[in-house]
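I have placed the structure first, in the form of structure tokens, so that the comments after it can refer back to it.
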There are 2 protein chains.
Amino acid sequence: MSRAEQKERTRRAIINAAFSQLSADKSFASLSLREVAREAGIAPTSFYRHFADMDELGLTLVDEAGLMLRQLMRQARQRIEKNGSVIRTSIETFMEFVTGNSNVFRLLLRERSGTSAAFRSAVAREIQHFVAELAEYLRKETTCPDELARAQAEAMVILVFHTGADALDAPPEQYSYLTSRTITQLRWLAHGAAGYGRKPKS
Amino acid sequence: MSRAEQKERTRRAIINAAFSQLSADKSFASLSLREVAREAGIAPTSFYRHFADMDELGLTLVDEAGLMLRQLMRQARQRIEKNGSVIRTSIETFMEFVTGNSNVFRLLLRERSGTSAAFRSAVAREIQHFVAELAEYLRKETTCPDELARAQAEAMVILVFHTGADALDAPPEQYSYLTSRTITQLRWLAHGAAGYGRKPKS
DNA sequence: AGAATGAGCGAACAGTTGTAAGCTAAACGG
DNA sequence: CCGTTTAGCTTACAACTGTTCGCTCATTCT
């Protein structure tokens, strides 16, 4: 086997080891270098051949998680074309991701407010992809001015993201309730934003 | 000095030590028992005279943080009576809390998605106080049916909470923008919920 | 006054952590 | 084919962790 090939292989082993150790009771911050190395089947010191420290690994994980999210968006678009029903399809796709890759979602959820500024901004950047894309859609589809389209998109993404977080601690029989609740909230936002030029009431 | 009195005093010293060690780069989870004891000016082993373990301390901190939040709500109500402008006053009061007690807010923000189920539900409970109170207000003030009032209140609280989180990483000159953006979002919600009986469009 | 209680302490423990130094051996480049 | 490169290893160390044990000594109770 080629050397570069083998190196990439154990690099992936490290990444996978890290992902697989994440859980409801174990955050990335509570992961130790040695633990990861052990799970990856390498000596602790070999870790350094691939990452300078745990932070570098963490940023890689966030990047990969963001990648999965973007693939998800593409998948959601396909479904929408065949299905119509933009809001419902989007949320349901997202919920499937959250429940099917809960550890990946948890990583983003936690590091969004974690102790590393670099992590926080990395997660924020991934979320902004969502917001930007949704905002563009809203600009095309509605008569919303640019600035307000963004604010609307941000609110929507926050609510959906938060619903995902709720789902992590909720029993599966509540998923459909959570989904429909969020659909209602998003419709309110869309409806409110549509019928609302500017009203400086307070 | 009475014994109980003195005990309460060092108990507070421990709590204050823990709070004061929290920061943008230091979460409760990354706090060690010895660190807290050192800051509180006691021997590590003396910690156990007051708390069974760090988790118990953490739950106490969450409770205290929740208490501060409830005091904040009361304060906001007073301001509203003198000031009118419900939405703006509420958000501004909240933002003052976030910026003035950022470490307390960060605790709630982080433990909401932390690794301890007990912490998560403790924070969720505190947030539910907000939601319940706001939902009751909406029921009185509007024609919203109960279930929808709750959904509306939840969305609003989430958005406000999230704005607080944004403020933690934003330069102070952006606070007013964040505030007005959130006001807009809340108005959309209120407006959308008001003019919306039930419309099964998708 | 005398006994009991309990907050706080120091020493010690077994465990874990990140990381440095130096070696081996296999893949590579000339 | 021989020298260089380098992924991975073992060993080692110093720092820190949570927790147990037994002691002191001021407050409290009888």
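This structure is a prediction, so every number in the text was calculated from the model and none was measured. Chain letters run A, B, ... following the sequence lines, proteins first and then strands; every chain starts at 1.
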With distance as the sole test, does B:Thr99 use its side chain to make a donor-acceptor pair with the main-chain N or O of B:Glu96 at under 3.5 Å? yes
Could you go through the side chain to side chain donor-acceptor pair (under 3.5 Å) check for A:Gln75 and A:Thr93 one step at a time? CA-CA 8 Å; A:Gln75 186 184 331; A:Thr93 307; 5.9 Å; no
In whole angstrom, give the distance that lies between atom NZ of A:Lys7 and atom P of C:dC28. 13 Å
CD of B:Glu35 versus C1' of D:dG18: gap in Å, rounded? 13 Å
Separation of atom CD in A:Glu5 from atom P in C:dA27, rounded to whole Å: 11 Å
Between CD1 of A:Ile14 and P of D:dA7 the distance, given in whole Å, is 11 Å
Bend across the helix from C:dA1-D:dT30 to C:dG30-D:dC1, to 10°, with axes taken over 5 pairs at each end? 20°
B:Arg3 (side chain) and C:dT5 (base): donor-acceptor pair under 3.5 Å: yes
Student check: side-chain heavy atoms of B:Ile127 and B:Leu69 closer than 4.5 Å: no
On DNA chain C, compare the nucleotides closest to A:Tyr48 and B:Pro44; which residue's is nearer the 5' end? B:Pro44
Closest to side chain of A:His50, choosing from C:dA7, D:dT20, D:dG8: D:dG8
When you match A:Ala4 and A:Leu31 each to their closest nucleotide on DNA chain C, which lands nearer the 5' end? A:Leu31
What's the closest nucleotide to the side chain of A:Ala43 if the choices are C:dG18, D:dT20, D:dC9? D:dC9
Just checking B:Arg9: base, sugar-phosphate only, or nothing, at a heavy-atom cut-off of under 4.0 Å? nothing
Kindly say whether B:Ile183 contributes a backbone atom to a donor-acceptor pair with the side chain of B:Arg88 at under 3.5 angstrom? no
A:Arg11 CZ - D:dG8 P separation (whole Å): 12 Å
Just how far, in rounded Å, is C1' of C:dG6 from CD1 of B:Ile42? 15 Å
I'd like to know if the side chain of B:Thr89 and the backbone of B:Val86 have a donor-acceptor N/O pair within less than 3.5 Å. no
State whether B:Ser46 places a side-chain N or O below 4.0 Å from either non-bridging phosphate oxygen (OP1 or OP2) of C:dC9. yes
Are A:Phe94 and A:Phe105 an aromatic pair, judged by ring center distance below 6.0 Å? yes
d(CD, A:Glu8; P, C:dA27) in whole Å: 18 Å
Does OP1 or OP2 of C:dA21 have a side-chain N or O of A:Thr45 closer than 4.0 Å? no
With a 4.0 Å limit, can you tell me whether B:Ser2 has a side-chain N or O closer than that to the phosphate oxygens OP1/OP2 of D:dT27? no
Check the phosphate of C:dG15 against A:Arg34, side-chain N and O only, distance under 4.0 Å to OP1 or OP2. Yes or no? no
Quickly work out the A:Arg49 CZ to D:dA7 P distance and round it to whole Å. 6 Å
Do you know which two heavy atoms are closest between B:Arg70 and B:Glu126, and how far apart they sit? NH2-OE1, 2.9 Å
Can you tell me if A:Glu35 uses its side chain to pair, donor with acceptor, with the backbone of A:Ser32 under 3.5 Å? yes
